[in-house]
Undergrad: 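Sharing a structure, written as structure tokens. Questions coming.
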Amino acid sequence: MSGTSGISGTNGASGTNEASGTNEASGTNEASGASRTSRTSRTSRTREITGTTPRHPSPPPGGLRFGYGTNGLTDLRLDDALGLLADLGYAGVGLTLDHMHLDPLAPDLAARTRKVARRLDSLGLTATVETGARYVLDPRRKHGPSLLDPDPELRSDRVSLLIRAVQVAADLGAHAVHCFSGTIPADTSEDTAWRRLADALGPVLDAASGAGVPLAVEPEPGHFLSSLADFHRLRHELDDPDPHLLGLTLDIGHCQCLEPLPPADCVRAAAPWLRHVQIEDMRRGVHEHLPFGDGEIDFPPVLEALAASGYQGLTVVELPRHSHAGPELATRSIDFLHRAAATATAGGGGRTQRHRGAHPVAAAVASAEGGAS
């Protein structure tokens with residue numbers, strides 16, 4: 001896969017799950033009208049099923065902007081997922097490029113991206129582009145190949161995907177492109193891994209600089225770059241790039257899972273580099289993304305810290321293993337976040353947060369392949 005030509009793609013049939021319906025090859029007014037009617041009827045059916053009128057037409061207290069990740073809505077067509085989120089009052093979407101949602105490897109990516117951009121604009125949604133699809137490059141290896149792969153050609157495949165994601169993000173007007181390191185291969189030293197990671201990200205940062213889209217690296221439990229300290233090590237390896245070019249994806253649940261500081265303190269410590277935020281509940285030492293209320297995090301202080309940080313991007317609900325209940329959880333999540341934001345603005349706290357300092361992370365994360373993500 002080449003990433004040097006942007007996302008022009010090749011001529012051919014495109015996927016059917018994009019945000020513009022399935023009649024992509026049609027040039028007739030009748031077909032276009034039928035596609036619009038189909039999209040409208042699907043949105044109406046979604047409203048009937050979920051009871052979604054615009055539940056939260058006003059921004060939440062504190063000026064935060066909430067989104068929901070499409071990796072938690074994989075049983076929905078992208079068009080339906082975007083309509084649902086707009087109806088619920090979300091400000092945007094964390095759009096994971098995957099085979100079912102804006103497939104980055106299928107033909108006509110540029111044309112499909114333009115249609116998604118128009119759909120986002122019509123719904124008043126913004127986006128962050130996420131690249132955490134489990135098997136988009138390799139149907140047998142989760143998150144493979146990675147930026148740390150011993151094979152230079154396979155590393156290049158991941159680099160090309162990220163460059164392609166940067167162009168998608170530019171065409172969507174997205175806030176940032178999310179990425180992560182991957183796990184460290186066997187028989188690879190840490191020094192070698194850092195060198196591979198820095199070298200691989202070089203061309204991606206060049207593309208991001210040219211497109212005016214920041215790259216937001218996520219510390220991922222079980223991956224080589226797993227903590228805020230590792231993110232700062234990466235910055236050092238890359239000679240401290242501008243934070244508006246190389247920024248941070250901060251996952252609030254991951255802070256609870258393995259960081260030595262409580263999540264609200266992590267937000268304050270990371271504030272200068274924040275370019276993307278993911279949010280869900282989690283328990284200490286267990287990398288399992290949970291619906292709000294099922295873990296240990298006290299969210300009003302977290303949202304208060306985010307609002308005080310001046311962060312302007314999306315705060316995206318990340319429930320990648322809950323697509324079977326995606327519409328219900330999207331509804332519950334936006335309600336929970338608005339209540340928590342109101343509590344934060346009022347200066348109150350939620351439940352007592354059970355955060356117990358440093359944890360033996362290597363033995364605690366769900367798996368060496370990145371846990372529950």
Side-chain angles (χ1 to χ4, degrees), residues 17-19 39-62 64-98 100-102 116 119-120 122-130 132-134 172 174-175 178 249 251-253 276-282 288-295 297 299 302-303 306 313-342 372-373:
N17 284 355
E18 310 306 345
R39 291 196 301 273
T40 301
S41 63
R42 285 205 303 270
T43 300
S44 297
R45 286 199 303 274
T46 300
R47 289 174 177 169
E48 290 171 4
I49 292 169
T50 62
T52 54
T53 57
R55 296 169 66 91
H56 299 286
S58 301
L64 297 174
R65 304 173 66 247
F66 298 128
Y68 200 92
T70 58
N71 61 357
L73 295 169
T74 57
D75 291 334
L76 275 66
R77 299 176 182 87
L78 181 56
D79 185 62
D80 293 340
L82 297 179
L84 171 71
L85 299 182
D87 286 344
L88 290 174
Y90 283 95
V93 59
L95 177 56
T96 296
L97 304 181
D98 205 349
M100 79 295 290
H101 291 156
L102 197 55
V116 174
R119 177 65 167 157
L120 289 169
S122 72
L123 294 170
L125 296 174
T126 58
T128 300
V129 171
E130 303 201 10
R134 297 182 182 98
L172 293 178
H175 301 292
H178 149 280
T249 293
D251 188 303
I252 301 302
H276 182 43
V277 174
Q278 297 170 344
I279 193 166
E280 69 285 319
D281 218 337
M282 204 168 287
E288 181 181 4
H289 292 233
L290 300 172
F292 298 117
D294 288 357
I297 299 175
F299 284 96
V302 173
L303 299 183
L306 276 173
L314 291 171
T315 298
V316 172
V317 178
E318 186 83 355
L319 293 173
R321 293 195 172 183
H322 291 78
S323 283
H324 63 283
E328 176 188 353
L329 284 170
T331 303
R332 287 167 46 190
S333 295
I334 190 70
D335 291 346
F336 179 96
L337 289 169
H338 273 256
R339 291 195 304 271
S373 293

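Nothing here was measured: the structure is a model prediction, and the numbers come from that model.
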Undergrad: If you define the side chain from C-beta out and look only at heavy atoms, does anything of Val316 sit under 4.5 Å from Glu130?
TA: yes
Undergrad: Give the minimum heavy-atom separation between Leu314 and His276, together with the two atoms involved.
TA: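 That would be O-ND1, 3.9 Å.
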Undergrad: Tell me, please, which residues at least two apart from His178 pass ring-ring contact (aromatic ring centres under 6.0 Å, His included).
TA: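 If we apply the ring-ring contact (aromatic ring centres under 6.0 Å, His included) test to His178, skipping adjacent residues, the hits are Phe180.
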Undergrad: What is the minimum heavy-atom distance between Pro327 and Leu84, and which atoms define it?
TA: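 Reported closest heavy-atom pair: CA-CD2, 3.8 Å.
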Undergrad: Run the numbers on Tyr90 and Tyr68 for ring-ring contact (aromatic ring centres under 6.0 Å, His included), then give the verdict.
TA: CA-CA 7 Å; Tyr90 283 95; Tyr68 200 92; 5.8 Å; yes
Undergrad: If you apply the rule side-chain contact (heavy atoms from CB on, under 4.5 Å), what do you find for Thr331 with Asp335, and how did you get there?
TA: CA-CA 7 Å; Thr331 303; Asp335 291 346; 4.3 Å; yes
Undergrad: Which pair of heavy atoms, one from Val116 and one from Leu172, lies closest together, and at what distance?
TA: CG1-CD2, 4.0 Å
Undergrad: Who pairs with Arg339 by salt bridge (charged side-chain N to carboxylate O under 4.0 Å, His left out), at least two apart in sequence or on another chain?
TA: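 Listed in chain order: nothing, the list is empty.
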Undergrad: Looking at Ala340 and Leu303, what are the two nearest heavy atoms and their distance?
TA: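 Distance-wise, the nearest heavy atoms are CB-CD1, 3.6 Å.
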Undergrad: Using side-chain contact (heavy atoms from CB on, under 4.5 Å) as the criterion, list what pairs up with Ala81, not counting sequence neighbours.
TA: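 So Ala81 forms a side-chain contact (heavy atoms from CB on, under 4.5 Å) with Leu73, Leu76.
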Undergrad: What pairs with Asn71 under side-chain contact (heavy atoms from CB on, under 4.5 Å), at least two apart in sequence or on another chain?
TA: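 Here the qualifying residues are Thr96, Glu318, Pro320.
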Undergrad: Under the rule for side-chain hydrogen bond (donor to acceptor under 3.5 Å, both in side chains), what residues qualify as partners of Thr74, not counting sequence neighbours?
TA: Ser323
Undergrad: Is a side-chain donor or acceptor of Glu280 paired with a backbone partner of Gly253 at a separation under 3.5 angstrom?
TA: yes
Undergrad: Are any non-hydrogen side-chain atoms of Asp79 and Arg119 less than 4.5 angstrom apart?
TA: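 Touching, per the 4.5 Å side-chain cut-off.
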Undergrad: Carefully, step by step, assess Thr126 and Val93 under the rule side-chain contact (heavy atoms from CB on, under 4.5 Å).
TA: CA-CA 6 Å; Thr126 58; Val93 59; over 6 Å; no
Undergrad: Within the 4.5 Å heavy-atom criterion, are Met282 and His289 side-chain neighbours or not?
TA: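 Sidechains of His289 and Met282: in contact.
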Undergrad: Does any N or O in the side chain of Asp281 come within less than 3.5 Å of the main-chain N or O of Ile297, such that one atom is a donor and the other an acceptor?
TA: yes
Undergrad: If we only count heavy atoms from C-beta on, is the Leu78 to Leu95 side-chain gap below 4.5 Å?
TA: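 Leu78 reaches Leu95 side chain to side chain.
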Undergrad: Can you label the angle between the His338 ring and the Phe66 ring as parallel, tilted or perpendicular, going by 30° and 60°?
TA: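 The rings of His338 and Phe66 stand perpendicular, inter-plane angle above 60°.
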Undergrad: Do the side chains of Leu337 and Ile279 get nearer than 4.5 Å, heavy atoms only?
TA: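 They are in side-chain contact.
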Undergrad: Looking at every non-hydrogen atom in both residues, tell me the closest pair between Gly295 and Leu290 and how far apart they are.
TA: CA-CD1, 3.9 Å
Undergrad: Of all heavy-atom pairs between His322 and Pro291, which one has the smallest distance, and what is that distance?
TA: NE2-CD, 3.6 Å
Undergrad: For the atom pair CG (Asp98) and OG1 (Thr70), what is the distance rounded to the nearest 0.5 Å?
TA: 8.0 Å
